[in-house]
Amino acid sequence: MKLVNIALTCLICANGCLPVFSQTASVHQNRNSQKNSAPGDLNTAKPTVIADSGGTASDTTPNAGPSSSFRCGPVARPSEVPWWKNTVIYEIYPRSFADATNSGMGNLKGITGKLDYLADLGVGALWLTPCYPSPQVDFGYDISDYCAIAPEYGTMADFDELVREAKKRNIRIIMDLVMNHTSDKHPWFIESRSSKDNPKRDWYVWRDGKSKDQPPNNWQALFGHSAWQFDPKTKQYYYHFFYPQQPDLNWRNPVVKKAMFDVVRFWLDKGVAGFRLDAINTLYEDPELKDNPTKPGKNAYGDPNMEDKYNYLLLPEIHAALRDLRSVLDKYPDNPVLVGETTAEDISRLVSMYGRNNDEIQLPMNFRFAYVDKLSAPLFRARIAEIDKNSADGWPTFLYSNHDRTRHYDRYAAGMANDSDTKDRITKLLAAMLLTVRGTPVMYYGEEIGMENRDPQRLEEVQDPIGKLGWPKEKGRDGERTPMQWSADTNAGFSTAKPWVPVAGNYKTHNVATEEKYPDSVLNFYKSLLKLRKSEPALREGDYKALNTDDANVLTYVRNKGKDTVVIALNMSNRAQTVSIDPASCNVTSDNASVLISSSPKVSGAISVRKLELEPFTAVVLRMR
């Protein structure tokens with residue numbers, strides 16, 4: 001095993017060239033792995049912490065080198081299923097998850113302090129939204145240094161401790177990576193805007209205006225108004241798809257791509273398991289700057305409605321860039337993963353993100369599934385079917401909520417129920433679908449306890465710039481980013497200081513400490529499902545087949561792997577339903593089944609699938625022989 005002396009401090013972000021090294025450390029170019037532990041016993045009260053089937057938990061950090069001179073070529077891949085197919089990803093918004101310093105804002109030490117909870121819950125990877133240095137115009141998605149930790153979240157030593165302690169519990173860390181744009185305070189942009197002849201001028205998209213006081217075209221920023229910002233010093237406009245303080249990088253410049261790939265290597269060398277790619281659709285713009293088509297009406301910011309045809313909807317150049325990025329990851333051991341924030345406009349665009357040879361993004365996030373904002377068996381059936389047998393043979397990824405989406409505890413009950421009991425039943429129903437359908441689930445912190453949205457009540461409360469700009473029609477995203485509810489104590493046990501945004505209203509009843517005490521709580525239902533997923537090969541790797549496809553009320557499907565057969569029935573209606581399942585459709589001969597998990601105590605033990613009676617909003621998971 002060859003050792004290479006390299007440094008752990010990377011100054012890529014300060015100069016945009018090769019890394020500058022300040023300390024020397026020996027880093028292995030391959031790493032040992034420890035064997036997976038055995039699955040936990042379903043009869044125990046709590047799930048056993050295990051490694052994901054098909055993956056390995058490693059005890060040293062890899063090195064493929066911060067630049068090509070340190071790489072030794074492709075790393076041999078094991079033949080087993082990659083870990084990211086069998087795991088459950090859990091998104092953490094660090095500002096709101098756990099405050100270990102009682103500052104009113106979450107931090108990395110807070111996350112480390114909750115790793116035992118996360119291991120007991122049963123998740124296998126943590127996606128951290130950005131915790132890099134940032135002016136916080138877009139709460140971390142405006143990055144001023146890609147190779148450091150923001151002081152408000154802690155230190156690089158805190159990050160290293162988090163990775164190390166997570167690994168001990170067979171939990172991986174996935175970083176959020178913003179490749180489309182930087183902060184306007186990033187050294188790259190400060191140089192770029194200093195003069196027209198600066199070497200970094202072409203690192204960003206600069207253009208002359210059409211005429212005096214007229215931007216280069218009609219493109220609009222996602223967060224309102226023109227996507228072009230005039231720079232008085234150099235008399236040119238720069239392009240920003242998001243806020244003016246988030247200038248877009250010029251990915252047609254190969255030096256930009258190289259600098260960003262060096263950032264990727266920096267974090268992989270630190271032991272991260274992959275990246276969630278933010279706003280990846282926006283990486284390229286039409287080089288001719290053609291105007292976008294306009295549509296009738298105006299948006300929440302008072303701008304004309306527009307089809308973002310030439311600056312958003314997945315320009316073809318993106319695929320070569322993603323293949324190159326994937327090749328960087330593929331040189332590292334342990335199957336690093338790319339999770340993509342990908343378009344939901346149509347299924348073909350989503351599927352294209354896998355790459356023609358499955359050589360781009362392994363897990364494009366399926367927002368077409370997440371945007372089914374009502375309980376509809378036919379709609380969910382269609383969304384699952386279109387990605388399950390996709391033309392790229394890509395592995396599906398499913399989610400309901402994230403830091404930009406209203407929490408699904410509220411969304412799916414809208415217009416159907418306001419009481420917490422019904423909301424809890426609907427949440428359990430959705431959990432059963434998310435954790436039993438074929439694919440990799442992505443959970444959002446707090447969904448396992450039934451956290452609800454807490455939108456700002458008045459303009460003075462708004463933190464999110466989107467809400468400040470669009471109030472009152474657009475209230476922003478503060479409501480889905482409230483502090484994690486750990487207990488019924490002050491501030492939901494998140495911090496002794498005033499939280500950066502108020503806690504949600506249901507924290508007295510929906511919190512970790514309270515729900516752990518009650519077997520039928522939302523939290524314990526999630527734990528049971530996550531534990532079952534680990535113990536049942538059919539749920540991790542089995543085929544998916546829809547059953548009773550004409551049923552408008554109950555979504556029923558079977559998962560098969562060899563002799564293991566699991567049937568899932570989800571009553572998505574507010575009325576009792578009776579379901580009849582033909583055993584032959586499940587490749588079994590007997591109609592006898594045993595209940596593995598049910599959200600209703602009335603469905604338990606041994607039953608016949610010929611007549612399965614389901615209460616409103618009930619989920620049942622059955623084993624058939």
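On a predicted model such as this, the values are computed, not experimentally measured, just so you know.
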Below 30° counts as parallel, above 60° as perpendicular, anything between as tilted: where do the rings of H408 and Y412 land? perpendicular
Do W228 and Y239 have ring centroids that are under 6.0 Å from one another? yes
R276 with E91: basic N within carboxylate O range, under 4.0 Å: no
Determine, for R172 against D334, whether the closest basic-nitrogen to carboxylate-oxygen distance falls under 4.0 angstrom. yes
Just say parallel, tilted or perpendicular for the rings of Y117 and W486, cut-offs at 30° and 60°. perpendicular
With D324 as partner, the option from K331, K257, K258 fulfilling salt bridge (charged side-chain N to carboxylate O under 4.0 Å, His left out) is K257
Quick one: sort the W500 and F139 rings into parallel, tilted or perpendicular, breaks at 30° and 60°. tilted
When you compare the side chains of R95 and Q136, does any donor N or O come within less than 3.5 Å of an acceptor on the partner? yes
When rounded to the nearest 0.5 Å, the distance separating CD of Q220 from CG of N217 is 10.5 Å
Electrostatic pair R411-E452, nearest N-O below 4.0 angstrom: no
Sidechain N-carboxylate O distance under 4.0 Å for R326, E360: no
Run N402 and D404 through side chain to side chain donor-acceptor pair (under 3.5 Å) and show every step you take. CA-CA 5 Å; N402 65 14; D404 290 329; 5.1 Å; no
Taking atom types as modelled, find out whether N305 and N299 have a side-chain donor-acceptor pair closer than 3.5 angstrom. no
Please work out whether the ring planes of W251 and F261 are parallel, tilted or perpendicular, with thresholds of 30° and 60°. tilted
Are any of the side-chain nitrogens in R407 or D410 under 4.0 Å away from the carboxylate oxygens of its partner? no
Return yes if a side-chain donor-acceptor contact under 3.5 Å exists between S495 and N491, otherwise no. no
For T101 and D99, does a side-chain donor sit closer than 3.5 Å to a side-chain acceptor? yes
Any donor-acceptor N or O pair under 3.5 Å, side chains Y409, H510: yes
Would you mind checking if K475 and D455 are paired as a salt bridge, meaning a charged N to carboxylate O distance below 4.0 Å? no
Within the 4.5 Å heavy-atom criterion, are L115 and L126 side-chain neighbours or not? yes
With no hydrogens and no angle check, just 3.5 Å: does a side-chain donor-acceptor pair link Q485 and N506? yes
For Y332 and D269, test the side chains for any donor-to-acceptor distance below 3.5 angstrom and give the result as yes or no. yes
Do the side chains of E460 and R458 get close enough for a salt bridge, i.e. N-O under 4.0 angstrom? yes
